Amino acid sequence: MKKKILIIGQGLAGSFLAWNLLEEGHSILIVDDRHTHCSSLAAAGMVNPITGKRLVLSQRCDELLPFAKNVYQRFETRFNRKFFESKKIIRLFRDAQELSEWDKKSQQPHLTKYYGEKKKAGTWGSLINDQLGSFFIEQGGYCRKLDLLNCLTHYFHETGCLRFQTFHYDNLKILDDHVRWNNQDFSQIIFCEGYLAQNNPWFKWLPFNHAKGEILELTTRNPLPDAVISCGKWCVPFGKNKYMVGSTYSWDHFDCQTSQAGRQKILDAIGEFIHVDFEVVHQLAGVRPILKDLNPALGQHPEYPHVKIFNGLASKGLIWGPFYARQMTDYLINNIPLDAQVNITRFTK
Ligand SMILES: Cc1cc2nc3c(=O)[nH]c(=O)nc-3n(C[C@H](O)[C@H](O)[C@H](O)COP(=O)(O)OP(=O)(O)OC[C@H]3O[C@@H](n4cnc5c(N)ncnc54)[C@H](O)[C@@H]3O)c2cc1C
């Protein structure tokens, strides 16, 4: 049976979910406050399968990464635009431990497709400080998430599925077998509101551990290699002599305001590994919606089955978003159980 579903938030989570539901013929209404509190707008767009000091492969990468790329390809066909750019990632070694992690991991047959060739110090000339050498992270790249979000916003709005306004919790009526908002009945409401879920009366009990982040957009006089450069901080190319660099992490103050301190932190950090003249043209800030156990949060309210959440995409919205939006869709429409690891029942049992 076709459903009428209310979605709060049109970041990556709400957009991917809404798209799936529309494709399956359901009727949706998305309410978004014009991205006033949107992490997806501040994301650098990096799709990086290997992160952290221990060079850890992103969870379920063999499944989630090809899934995401396939979804971006389908959006490209649909909107006749290029969204995903495959790019090598030059990962600079920072210490002996990282070199030893690469030695171990690059030997494992199931990991060789991600842990690419090692390069000796000095490979990247005077523009990049690679004094301990580097290696290529394979299979990653860059998603033009702003273009993608703009296409989706436009599409949802044109088709009457998106309303630009702030959703107020008080205006929601939860009835026995559906919910009512603005004099309209919906079979379900799905909250995809990013970090603001911390204020949601039905979900604020979840153990959030959000992290605010800032990034800078730069133009350089000389081009850097056509690759993402990463060493804790990163530099992502997204046009001729245009780069996104970042990012900061802070756990004590949540808003989407940029700061001078954030800007300086990024400039200090990238000055350590990129030696090129540049100009800062833009600064962005957002709050990554993160759960304490670092897994996404999908599922239904323990008392109100028509009230649901899709959140917690952390720093991985572009790799995780498409896969978990599919899982949320199958759960909503076909009652297919969610993975225990992402189901919010893990916090109530
Ligand atoms: C600095 C930074 C860099 C990042 N870089 C990357 C990266 O390179 N790669 C990557 O994969 N991920 C990255 N991320 C993480 C990524 O941004 C998130 O995983 C993802 O965007 C979360 O999407 P979301 O839809 O859950 O939340 P959001 O994008 O925050 O969307 C929530 C939406 O809901 C709206 N909303 C909330 N409450 C209401 C309300 N009451 N009424 C109406 N609307 C409401 C908000 O305004 C917003 O539009 C980065 C994050 C930050 C902050």
Side-chain angles (χ1 to χ4, degrees), residues 6-18 29-49 51 58 64-65 68 72 84 89 140-146 148-149 152-153 156 162-172 181 189-201 203 208 210-217 228 230 233-236 238 244-250 254-256 258 262 265-266 283-291 294 296-298 309-322 324-325 328:
L6 179 61
I7 296 176
I8 310 304
Q10 193 246 319
L12 292 171
S15 296
F16 292 145
L17 179 64
L29 178 65
I30 315 171
V31 180
D32 189 281
D33 56 4
R34 290 190 184 271
H35 296 145
T36 312
H37 301 278
C38 191
S39 169
S40 304
L41 289 190
M46 201 164 46
V47 173
N48 180 2
T51 50
S58 182
L64 272 61
L65 184 55
Y72 298 132
F84 182 76
I89 300 175
Y142 165 74
C143 178
R144 297 181 185 279
K145 46 86 214 191
L146 196 55
L148 177 59
L149 269 181
L152 289 169
T153 303
F156 294 138
L162 172 61
R163 188 171 294 180
F164 296 120
Q165 75 179 79
T166 300
F167 173 88
H168 295 286
Y169 303 113
D170 293 349
N171 296 342
L172 183 73
W181 178 77
I189 181 168
I190 325 294
F191 286 103
C192 302
E193 58 201 327
Y195 82 100
L196 287 184
Q198 68 189 14
N199 304 330
N200 184 316
F203 292 108
F208 293 114
H210 304 314
K212 178 174 173 177
E214 299 190 44
I215 63 173
L216 303 177
E217 192 183 311
V228 175
S230 155
K233 299 283 184 261
W234 36 255
C235 173
V236 182
F238 72 100
M244 293 280 194
V245 294
S247 62
T248 58
Y249 274 79
S250 70
F254 303 136
D255 61 33
C256 297
T258 56
K265 247 188 211 163
I266 299 170
Q283 183 172 2
L284 295 159
V287 181
R288 306 167 183 90
I290 307 181
L291 274 290
L294 304 179
L298 281 65
I309 188 166
F310 174 29
N311 203 308
L313 294 179
S315 318
K316 305 268 183 181
L318 290 160
I319 298 187
W320 291 359
Y324 288 114
M328 190 72 195

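Order of listing sets the numbers, starting from 1, for every ligand and every atom in it. Model, not experiment: these values are computed from the prediction.
Counting only heavy atoms of the protein, atom 8 (O) of ligand 1 lies nearest to Met46 N, 2.8 Å. Considering only non-hydrogen protein atoms, atom 11 (O) of ligand 1 sits nearest to Leu318 N, 2.8 Å. For atom 35 (C) of ligand 1, the closest non-hydrogen atom of the protein is Asp32 OD2, 3.3 Å. Here the protein heavy atom with the shortest distance to atom 14 (N) of ligand 1 is Ala43 CB, 3.7 Å. Annotation: atom 52 (C) of ligand 1 to nearest protein heavy atom, Arg288 CG, 3.7 Å. Remark: minimum distance from atom 29 (O) of ligand 1 to any protein heavy atom is reached at Ser40 OG, 2.4 Å. From the protein, the heavy atom lying nearest to atom 16 (C) of ligand 1 is Ser39 OG, 3.6 Å. Atom 5 (N) of ligand 1 has as its closest protein heavy atom Ala44 N, 3.1 Å.
Residue Thr36 has at least one heavy-atom neighbour below 4.0 Å for each of these atoms of ligand 1: 47 (O). Of all atoms in ligand 1, listed by their number and element, those nearer than 4.0 Å to a heavy atom of Gly286 are 53 (C). Listed by number with element, the atoms of ligand 1 under 4.0 Å from a non-hydrogen atom of Ile215 are 1 (C). Short contacts between ligand 1 and Thr166, defined as distances under 4.0 Å to a heavy atom of the residue, involve ligand atoms 42 (N), 43 (C). Near Gly213, with a cut-off below 4.0 Å to any heavy atom, the atoms of ligand 1 are 1 (C). Against a heavy-atom cut-off of under 4.0 Å, Ala42 is close to the following atoms of ligand 1: 1 (C), 2 (C), 3 (C). For ligand 1 and Leu313, the ligand atoms under 4.0 Å from any heavy atom of the residue are 19 (O). Counting atoms of ligand 1 from 1 in the listed order, those under 4.0 Å from a heavy atom of Gly194 are 27 (O), 30 (O), 32 (C).
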Task: Test log, rule side-chain contact (heavy atoms from CB on, under 4.5 Å), inputs Ile215 and Trp234 - done: CA-CA 10 Å; Ile215 63 173; Trp234 36 255; 3.5 Å; yes

Open item on the list: Working note: Leu172 + Ile189, criterion side-chain contact (heavy atoms from CB on, under 4.5 Å); need CA distance, chi angles, decisive distance, verdict.
Closed with: CA-CA 9 Å; Leu172 183 73; Ile189 181 168; 3.9 Å; yes

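Counting heavy atoms from C-beta outward, Cys256 and Tyr195 have side chains that approach closer than 4.5 Å. Counting only heavy atoms from C-beta outward, the side chains of Leu196 and Asn200 never approach each other to under 4.5 Å. At a threshold of 4.5 Å between non-hydrogen side-chain atoms, the residues Leu298 and Ile309 do not count as touching. At least one side-chain heavy atom of Thr153 sits less than 4.5 Å from a side-chain heavy atom of Phe164. At a threshold of 4.5 Å between non-hydrogen side-chain atoms, the residues Asn311 and Phe191 do not count as touching.
For the atom pair Leu146 CG and Ser40 OG, the distance stands at 10.5 Å (nearest 0.5 Å). Within the model, atoms SG of Cys38 and CG of Leu12 stand 7.0 Å from one another, a figure rounded to the nearest 0.5 Å. Taking CZ from Arg163 and CZ from Arg34, the interatomic distance works out to 12.5 Å, rounded to the nearest 0.5 Å. To the nearest 0.5 Å, atom OH of residue Tyr324 and atom CG of residue Leu64 are 5.0 Å apart. Atom OH of Tyr249 and atom NE2 of His210 lie 14.0 Å apart (nearest 0.5 Å).
At under 3.5 Å, a nitrogen or oxygen of Gly45, whether backbone or side chain, sits near a nitrogen or oxygen of ligand 1. At least one N/O-N/O distance between Leu12 and ligand 1 falls below 3.5 Å. On a distance-only criterion, Gly317 and ligand 1 share at least one N/O pair closer than 3.5 Å. At a 3.5 angstrom cut-off on N or O pairs, Ser315 counts as close to ligand 1. For ligand 1, the polar-atom distance check finds no N/O of Leu196 at less than 3.5 Å from any of the ligand's N/O atoms. Considering backbone and side-chain atoms together, Ala314 places an N or O closer than 3.5 Å to an N or O of ligand 1. In terms of N/O distances under 3.5 Å, ligand 1 is approached by Ala13. Among the atoms of Tyr195, none of the N or O lies under 3.5 angstrom from an N or O of ligand 1. Polar contact with ligand 1: absent for Ala211 (N/O pair, distance under 3.5 Å). Between Asp33 and ligand 1, at least one N/O pair is under 3.5 Å apart.
Of the N and O atoms on the side chains of Asp33 and Gln165, not one donor lies less than 3.5 Å from an acceptor on the other residue. Between the side chains of Gln283 and Glu214, at least one donor-acceptor pair of N or O atoms lies under 3.5 Å. Remark: the Ser247 side chain and the Arg288 side chain contain an N/O donor-acceptor pair separated by less than 3.5 Å. Using modelled atom types, one finds a donor on one side chain and an acceptor on the other under 3.5 Å when comparing Gln10 with Ser15.
Checking side-chain atoms of Asp32 against main-chain N and O of Gly9 turns up no donor-acceptor pair under 3.5 Å. No donor-acceptor pair under 3.5 Å is formed between the side chain of Lys265 and the backbone N or O of Thr248.
Ligand 1 has Gln165 within reach: a non-hydrogen atom of the residue lies less than 4.0 Å from it. Heavy atoms of Asn311 stay at 4.0 angstrom or farther from ligand 1.
Heavy atoms of Cys192 found under 4.0 angstrom from ligand 1 belong exclusively to the backbone. With a heavy-atom cut-off of 4.0 Å, Glu193 touches ligand 1 through backbone and side chain alike.
The closest heavy-atom contact to atom 40 (C) of ligand 1, among the options Tyr324, Phe167, Tyr249, comes from Phe167.
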